[in-house]
Novice: 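If you scroll down you'll find the structure; I have some questions about it.
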Amino acid sequence: MSIALNHTIVTATDKKASAQFLADILGLEVSPQFGPFIPVEIPNGVTLDYADSDGGPITSQHYAFLVSEDEFDSIFGRIKDAGLTHWADPYHKAAGEINTNDGGRGTYFEDPNGHNLEIFTKPYGSGS
């Protein structure tokens, strides 16, 4: 049996706006609402299903996206164009920087709900 992550639920104060934010930054499309969820499908088939928090607190989660070098350039350009703060590290200590871990490039930024999003071009531990 093959096991693959199919979807995960992302809590948001405004599921529609949050799904659109992710889609815009990553250069993807928002899918039609399915039940209570607004899905954004990642090209590998995993779907992030946005759901409203119903006023409750949102616990920040981390979502990391492995991208090609060209995709990094495009996405990073949209991050800068949107005026988003970005960091080279998950603890948000190196503001305005990117990292070069494993010979690639990576950066972290937040969505409107405080979720810690990451784009990177080399899998961790892959070396340079």
Side-chain angles (χ1 to χ4, degrees):
M1 176 175 147
S2 173
I3 298 174
L5 180 64
N6 177 265
H7 69 276
T8 191
I9 297 172
V10 181
T11 308
T13 55
D14 179 337
K15 65 186 176 188
K16 191 174 209 175
S18 294
Q20 193 63 60
F21 171 86
L22 181 70
D24 288 347
I25 291 293
L26 295 183
L28 303 172
E29 298 292 325
V30 175
S31 298
Q33 184 163 335
F34 180 76
F37 306 110
I38 303 283
V40 176
E41 185 174 347
I42 307 304
N44 67 353
V46 175
T47 302
L48 280 74
D49 293 337
Y50 281 84
D52 286 327
S53 67
D54 295 327
I58 296 175
T59 301
S60 176
Q61 299 293 318
H62 175 68
Y63 300 97
F65 303 95
L66 180 62
V67 300
S68 70
E69 290 289 339
D70 288 341
E71 289 167 327
F72 186 94
D73 290 336
S74 297
I75 295 166
F76 189 59
R78 289 190 287 272
I79 289 169
K80 291 190 299 186
D81 289 347
L84 298 174
T85 302
H86 63 91
W87 299 269
D89 63 295
Y91 302 107
H92 299 178
K93 299 207 185 281
E97 298 179 33
I98 63 171
N99 67 57
T100 56
N101 297 340
D102 293 298
R105 294 183 292 162
T107 197
Y108 298 77
F109 58 101
E110 290 184 348
D111 83 345
N113 301 284
H115 294 302
N116 194 23
L117 306 179
E118 175 186 9
I119 57 170
F120 61 108
T121 61
K122 298 279 185 174
Y124 291 133
S126 64
S128 54

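Only a predicted model underlies this, so the values are computations on that prediction, with no experimental measurement involved.
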Novice: Within the side chain of Gln33, is there an N or O that forms a donor-acceptor pair under 3.5 Å with the backbone of Gly35?
Specialist: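 Yes: the side chain of Gln33 pairs with the backbone of Gly35.
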Novice: Specify the closest pair of heavy atoms between Gly114 and Ser60, including all atoms of both residues, with the distance to one decimal.
Specialist: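 Smallest heavy-atom distance, with atoms named: O-OG, 2.7 Å.
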Novice: Side-chain heavy atoms under 4.5 angstrom apart, residues restricted to Ile, Leu, Val, Met, Phe, Trp, Tyr: same cluster for Val10 and Ile25?
Specialist: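 Linked within one cluster.
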Novice: Is Leu66 close to Phe120 at the side-chain level, that is, under 4.5 Å between some pair of heavy atoms?
Specialist: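 Phe120 vs Leu66: side chains touch.
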Novice: Rounded to the nearest 0.5 Å, what separation is found between the CD1 atom of Ile3 and the CG atom of Asn6?
Specialist: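 So the gap between those two atoms works out to 13.0 Å.
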Novice: Report yes if some heavy atom in the side chain of Leu26 is under 4.5 Å from a heavy atom in the side chain of Phe65; otherwise report no.
Specialist: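 Touching, per the 4.5 Å side-chain cut-off.
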Novice: Which class fits the ring pair Phe21 and Phe109: parallel under 30°, tilted 30 to 60°, perpendicular over 60°?
Specialist: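 Correct class here is tilted.
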Novice: Report yes if the side chains of Lys15 and Phe37 come closer than 4.5 Å at any heavy-atom pair, otherwise no.
Specialist: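 No; the side chains remain at least 4.5 Å from each other.
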Novice: Tell me if a side-chain donor or acceptor on His62 pairs with a main-chain N or O of Asn116 at a distance below 3.5 Å.
Specialist: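 Side chain of His62 to backbone of Asn116: a pair is present.
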Novice: Looking at Ser31, Pro39, Pro36, which one forms a side-chain contact (heavy atoms from CB on, under 4.5 Å) with Asp49?
Specialist: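 Of the listed options, the one satisfying the test is Pro39.
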Novice: If you take all heavy atoms of Ala23 and Glu29, which pair is closest and at what distance?
Specialist: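 That closest heavy-atom pairing would be CB-C, 4.0 Å.
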Novice: Does CZ belonging to Phe34 count more than 12 external heavy atoms closer than 6.0 Å?
Specialist: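 Result for CZ/Phe34: open.
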Novice: Is any side-chain heavy atom of Thr13 less than 4.5 Å from a side-chain heavy atom of Pro112?
Specialist: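 A side-chain contact under 4.5 Å is absent here.
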Novice: To the nearest 0.5 Å, what is the distance between CG on Asp70 and CD1 on Ile75?
Specialist: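 Result: 11.0 Å between the selected atoms.
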Novice: List the steps and the verdict of side chain to side chain contact (heavy atoms under 4.5 Å, CB included) for Asn99 and Asp89.
Specialist: CA-CA 7 Å; Asn99 67 57; Asp89 63 295; over 6 Å; no
Novice: Mark yes or no for whether Asn101, through its side chain, and Tyr124, through its backbone, hold a donor-acceptor pair below 3.5 Å.
Specialist: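 No; zero donor-acceptor contacts below 3.5 Å.
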Novice: In the structure I gave you, are the side-chain heavy atoms of Leu48 and Ile42 within less than 4.5 Å of one another anywhere?
Specialist: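 In short, these two side chains touch, coming nearer than 4.5 Å.
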Novice: Do the side chain of Asn113 and the main chain of His115 share a donor and acceptor less than 3.5 angstrom apart?
Specialist: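 No: the side chain of Asn113 does not pair with the backbone of His115.
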Novice: Yes or no on side chain to side chain contact (heavy atoms under 4.5 Å, CB included) for Tyr50 and Val30, after CA distance, side-chain angles and deciding distance?
Specialist: CA-CA 10 Å; Tyr50 281 84; Val30 175; over 6 Å; no
Novice: Distance from Thr85 atom OG1 to Ile79 atom CD1, nearest 0.5 Å?
Specialist: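 It is 11.0 Å, given to the nearest 0.5 Å.
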Novice: In Å and rounded to the nearest 0.5 Å, what is the NE2 to NE2 distance from His86 to His92?
Specialist: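 Going from NE2 on His86 over to NE2 on His92, the span is 11.5 Å.
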Novice: Please tell me if the side chains of Gln61 and Thr11 come closer than 4.5 Å, counting only heavy atoms from C-beta onward.
Specialist: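 SC-SC contact between Gln61 and Thr11 ruled out.
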Novice: Quick check for you: to the nearest 0.5 Å, what is the distance between Thr121 atom OG1 and Arg105 atom CZ?
Specialist: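 Atom-to-atom, Thr121:OG1 and Arg105:CZ are 6.0 Å apart.
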Novice: Is any side-chain heavy atom of Leu28 closer than 4.5 Å to a side-chain heavy atom of Leu22?
Specialist: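 The answer is no, as the side chains (C-beta and beyond) never meet within the 4.5 Å cut-off.
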Novice: Would the distance check show the side chain of Asp14 and the main-chain N or O of Lys16 forming a donor-acceptor pair, the cut-off being under 3.5 Å?
Specialist: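 Between the backbone of Lys16 and the side chain of Asp14 there is a qualifying donor-acceptor contact (under 3.5 Å).
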Novice: Taking CD in Glu97 as the centre, count heavy atoms belonging to other residues, nucleotides or ligands within less than 6.0 Å. Is the count above 12?
Specialist: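 Yes, CD of Glu97 has more than 12 neighbouring heavy atoms, counting only those of other groups under 6.0 Å.
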Novice: Taking Thr107 for its side chain and Trp87 for its backbone only, find out whether a donor-acceptor pair lies under 3.5 Å.
Specialist: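 Here the side-chain-to-backbone pair exists.
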Novice: To check you understand the geometry: which heavy-atom pair defines the closest contact between Pro123 and Asp102, and what is its length?
Specialist: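 Closest approach of Pro123 to Asp102: O-OD2, 3.6 Å.
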Novice: Compare all side-chain heavy atoms of Thr8 with those of Tyr63 and state whether any distance is below 4.5 angstrom.
Specialist: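 Heavy-atom side-chain distance check passes, below 4.5 Å.
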Novice: Which value, rounded to the nearest 0.5 Å, describes the distance between Lys122 atom NZ and Glu69 atom CD?
Specialist: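 Lys122 NZ to Glu69 CD: 6.5 Å, rounded to 0.5 Å.
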